[in-house]
Amino acid sequence: MKKKEIILKGIPASPGIVSGKAFLYGREQYTISRRPVKEEQIQNELKRFKDALVQTKNEILDIKKRISEEMSAKHAQIFSAHLLVIEDSMLIEEVISKLKKEKLSIEYIFQDVLRRYIKVFSEMDDEYLKERISDINDVGRRILRNLIGAREDVLSNLKEKVIVIAYDLSPSDTATMHKRNVKGFATDIGGRTSHTAIMAKSLEIPAVVGLEILTKKVESGDEIIIDGTHGIIVVNPAPRTMKKYEQDREKFIAFAKHLLDLKDLPCVTLDGKNIGLAANIEVPEDVPSVMAHGADCIGLYRTEYFYMNRKDLPTEEEQFKAYSSVAKRMKPNPVTIRTMDLGGDKFLSQLDVPQQMNPFLGWRAIRFCLARPDIFKTQLRAILRASALGKLRLMYPMISGIGELKQANALLEDSKKELKKEGLAFDENMEVGAMIEVPSAALTSDILAKEADFFSIGTNDLIQYSLAVDRVNEKIAYLYEPAHPAILRLIKSVIDNGHKAGIWVGMCGEMAGDIIMTIILLGLGLDEFSTSPIASPEIKRVIRSVTISQAEEVAHGAMALSTGKEVETYAKKKLREIVPDIAAELE
Ligand code: PEP
Ligand code: MG
């Protein structure tokens, strides 16, 4: 029987329309089915369990050794607790006896026992025992992963073209995706500016996030349509729906092609002011896309992806090679390298960063780098050395006050001195900037401007911190408003303070690629827009359609409004008046 068509609305994460077969990827909670096993298979299930325990133990011993060598024996202690979980005879015996009694697959039984353990521990009054939950969870997941087969490899080894459906995808999951086999993806959770959503744009594949119940409605093999522009998913579409989306898809492709006609034209307003049009990249392989879409330079290179999906830390030499390859390919145009922004929704398994209650407010970005100057300086030295081979700029993420900026700059100076001593070349005049993505930085931007050569406004974080809205939480996505008057005021004061101090101000958050906001940002005086490569043609189209005085007038009007909704409605109206063909695409 033909399955019923289901339409779901989520949050648009990456534009475009695509259809294909669903591949359900993900969390152990729903991928492990209740599979009965025959009596004669029990020995084999037991062997699989023992093998997974040995493999997990070896993995943990390996990490423990590395951490105690690279950090300290104290840091490695957490892994001793993990080993205790593996050797817990009660847990192992319970799994074995349940397997023999219930005759279900070992992964199903193990997961069941694990859940019960976690429940029992969480209900205990003893704080020490409660704290063991995260150890049990960590080790349990590791064992499950080894039982199921390496989860990390799944997305990079897809044998056919699919649409990935998941409860959640981490940025490191998306970083392993092969564009050629993942046609698009959709997830239950996530927000518009989560790094998973940002990665989808980099991969140039349509994506929708925050669908809440998607994984409950889809089975692997179902036919799926993703409309990433409007945030819609159709499961098992009827023939008529399929036809409609095929037509929409053709229109979308034709429009994107038409915009590419602007590729080689300058990014200049109608009255002749040149505006910087830059692109954001995650990995060096993104450079051809930057060029294909006509951005002039790179305004944000998120270097933390270099540290992901690997067991060790990248060496200075490896980093030097990657950064200089990007610098050389973009030469003479600038490349803005952002130092590692670990934390928030980006985790690095090889570093011993404890689980945090509030990862976005915790040990993240520059805070981590200043605490680990060994890791930070390796990166600074690599960036400096690469600066001799192209035009590099450097910027620090998550600066919250002048102290951090000064400390980071002092480490940069140390690195320069070392390189000089070693006779290694670097660009003495490399610009060094601060990202403005924390409200305290925006509010003290007059002070920060004295120590920076430029500012780059990171609106993804600035919005989440100013409006107290977690950027990856779909439940409160309605509160995540780039057009909120508080955000416009902060942006205006950063631009004004930057200009007063004689430095330029760019923006590299997703807001810079949101055409609804382009005219307002231009009118507020923004000097550089850095967007995902696919967004740059339409931003250029808007900038080339307006004069500065027109934009200033629109910005002035926006600043007088009281709510984000009012600003958005007003900005859309102005866009329709000034650039009608682009505005039509919004509908
Ligand atoms: C930002 O916060 O706007 C930004 C560009 O940095 P990231 O998205 O990597 O946090
Ligand atoms: Mg940020």
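For ligands, and for the atoms within them, numbers begin at 1 and follow the listed sequence.
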**Request:** Show your reasoning for whether side chain to side chain contact (heavy atoms under 4.5 Å, CB included) applies to T336 and L300.
**Result:** CA-CA 5 Å; T336 313; L300 165 64; 5.9 Å; no

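- Note: no N/O pair closer than 3.5 Å links E304 and ligand 1 by distance alone.
- Those atoms of ligand 1 with a heavy atom of R471 less than 4.0 angstrom away are 2 (O), 7 (P), 8 (O), 10 (O).
- By the 4.0 Å heavy-atom criterion, M507 is excluded from the residues contacting ligand 1.
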**Worked check of side chain to side chain contact (heavy atoms under 4.5 Å, CB included) between M507 and I491** = CA-CA 9 Å; M507 177 180 287; I491 291 172; 3.7 Å; yes

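- Taking CG from L211 and CG from D188, the interatomic distance works out to 7.0 Å, rounded to the nearest 0.5 Å.
- The ligand atoms of ligand 1 that sit less than 4.0 angstrom from a heavy atom of L300 are 5 (C).
- Residue contact annotation: D461 places an N/O/S atom under 2.8 Å from the Mg ion (ligand 2).
- Regarding atom 6 (O) of ligand 1, its nearest protein heavy-atom neighbour is R338 NH1, 2.9 Å.
- Not a single heavy atom of M511 lies less than 4.0 angstrom from ligand 1.
- For the atom pair CD of Q379 and CD of E316, the computed distance is 11.0 Å after rounding to the nearest 0.5 Å.
- Ligand 1 is approached by M435 to a heavy-atom distance shorter than 4.0 Å.
- Using a 4.0 Å cut-off to heavy atoms of C508, the atoms of ligand 1 that qualify are 5 (C).
- Using 4.0 Å as the threshold, M398 has no heavy atom nearer than that to any atom of ligand 1.
- Aromatic ring orientation, W363 versus F368: perpendicular (interplanar angle above 60°, classes split at 30° and 60°).
- Side chains of Y301 and N280 form no contact here, defined as non-hydrogen atoms less than 4.5 Å apart.
- For ligand 1, the atoms sitting less than 4.0 Å from at least one non-hydrogen atom of R364 are 10 (O), numbered in the order shown with element in parentheses.
- Of the heavy atoms in T193, none comes closer than 4.0 Å to ligand 1.
- We find the CG-CG distance between D414 and L380 to be 9.5 Å, quoted to the nearest 0.5 Å.
- For the atom pair CD (E451) and CG (N409), the distance works out to 6.5 Å, reported to the nearest 0.5 Å.
- Atom 7 (P) of ligand 1 has H195 NE2, 3.1 Å as its closest protein atom, hydrogens excluded (heavy atom only).
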**Message:** Checking D341 against R364 for the salt bridge (charged side-chain N to carboxylate O under 4.0 Å, His left out) test, could you report, in this order, the C-alpha distance in whole Å, the side-chain angles of both residues, the deciding distance, and whether it holds?
**Reply:** CA-CA 7 Å; D341 183 7; R364 190 190 161 188; 3.0 Å; yes

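- Ligand 1 lies nowhere less than 4.0 angstrom from a heavy atom belonging to Q464.
- Interatomic distance, SG of C369 versus NZ of K377, reported as 13.0 Å (0.5 Å rounding).
- The closest approach of E437 to the Mg ion (ligand 2), by N/O/S atoms, is made by OE1.
- Close contacts between ligand 1 and D461 involve ligand atoms 1 (C), 2 (O), 3 (O), 10 (O) [criterion: under 4.0 Å to a heavy atom].
- In this structure, R385 satisfies the cation-pi test against F320, with its NZ or CZ atom closer than 6.0 Å to the six-membered ring centre and inside 45 degrees of the ring normal.
- In the vicinity of K346, heavy-atom distances shorter than 4.0 Å reach the ligand 1 atoms 9 (O).
- Interface of E437 with ligand 1, defined as ligand atoms under 4.0 Å from a residue heavy atom, comprises 1 (C), 2 (O), 4 (C), 6 (O).
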